[in-house]
Amino acid sequence: MKNLVKIAALSAAAMLFSAAAPVFAATPSFTDISDKKYEWAAGYIEDMAERGFISGYEDNTYRPDNSVTRLEVLSLFARAMGSTSEANADALEAAEEQYLSVVEEYDLNFGESDIAYLLYRGALKQSELSAYLKGDKKSEPMPRYEAAVIITKAMCAEKEATAEIMIDFDYTDARQIPASASQYVYYVTEKGIMSGMGDGTFSPETGVLRSQIAVMLSKTVDLMNLT
């Protein structure tokens with residue numbers, strides 16, 4: 001990482017998760033997460049909404065079963081790293097000067113500065129942009145194994161994760177996890193940020209849901225102790 005990331009009070013601008021522009025209420029209380037099947041995620045959703053990281057929709061719903069796109073996840077974790085914090089204004093300006101022209105080639109409808117910030121902080125490489133943002137890829141749901149990679153990099157833990165050679169998964173579908181992502185999946189699993197799907201599988205190719213990303217983000221932010 002080029003600089004030690006500064007994270008001020010976690011009051012980053014609310015993340016736009018879909019084409020329908022969501023709105024953030026001062027006291028979030030989403031009407032569609034009270035069902036018992038969401039009790040594992042409800043507290044995390046409310047926590048991240050109260051901190052200003054995620055938001056709901058105009059009808060006061062959160063829509064926890066909707067998928068999250070690759071671009072949305074990248075933008076969200078850039079903000080978790082402080083891309084919208086006043087404390088990082090100089091870093092963001094430097095990131096835009098250095099990388100914005102590169103990012104603009106991918107014709108994004110939002111998040112250009114966030115992607116530039118990820119490049120500047122070393123959480124993304126220019127050679128990786130096409131895999132996440134080229135053509136329709138940016139608007140496709142981000143697979144769970146890719147989320148594991150992004151989370152690890154956002155935590156500045158790639159070196160630690162890839163140094164681990166003794167990987168022992170309990171997931172019944174461990175062989176389906178791409179070899180290039182296995183160390184990252186192991187890292188986020190050991191850190192308690194991601195877990196299985198309740199049936200013993202990790203389901204690496206399944207798209208991340210809004211309910212799941214709130215949990216991942218909350219746990220990541222809590223583990224990041226950067227000043």
Full working for salt bridge (charged side-chain N to carboxylate O under 4.0 Å, His left out) between E128 and K153: CA-CA 13 Å; E128 297 173 321; K153 291 182 176 183; 2.5 Å; yes
Assess whether atom CG of D136 is packed by more than 12 heavy atoms of other residues, nucleotides or ligands within 6.0 Å. no
Treating T172 as the side-chain partner and G200 as the backbone partner, does any N or O pair qualify as donor plus acceptor under 3.5 Å? yes
Between T152 (side chain) and A148 (backbone), is there a donor-acceptor pair under 3.5 Å? yes
Pairing of R63 and D32 as salt bridge, 4.0 angstrom limit: no
Any donor-acceptor pair under 3.5 Å linking the side chain of T189 with the backbone of V185? yes
Does Y44 have more than 12 heavy atoms from other residues, nucleotides or ligands lying within 6.0 Å of its OH? no
Would you say the side-chain atoms of K219 pair up with the backbone N or O of G192, donor to acceptor, closer than 3.5 Å? yes
Is it the case that over 12 heavy atoms from other parts of the model lie below 6.0 angstrom from the CG atom of D170? no
Residue pairs passing the ring pair (Phe, Tyr, Trp, His ring centres under 6.0 Å) test with at least one member in residues 132-151, sequence neighbours excluded, are none
Using a 3.5 Å distance criterion without hydrogens, assess whether the side chain of E160 forms a donor-acceptor pair with backbone atoms of A157. no
Looking at L118, L119, L74, which one forms a side-chain contact (heavy atoms from CB on, under 4.5 Å) with L129? L119
For N66, does its backbone N or O pair with a side-chain atom of R210 as donor and acceptor, under 3.5 Å? no
Would you check if there is a donor-acceptor pair between the side chains of Q183 and T162 at a distance under 3.5 Å? no
T31 side chain to N60 side chain, donor-acceptor N/O pair below 3.5 angstrom: no
Parallel under 30°, tilted from 30 to 60°, perpendicular over 60°: which one fits the rings of F202 and Y171? tilted
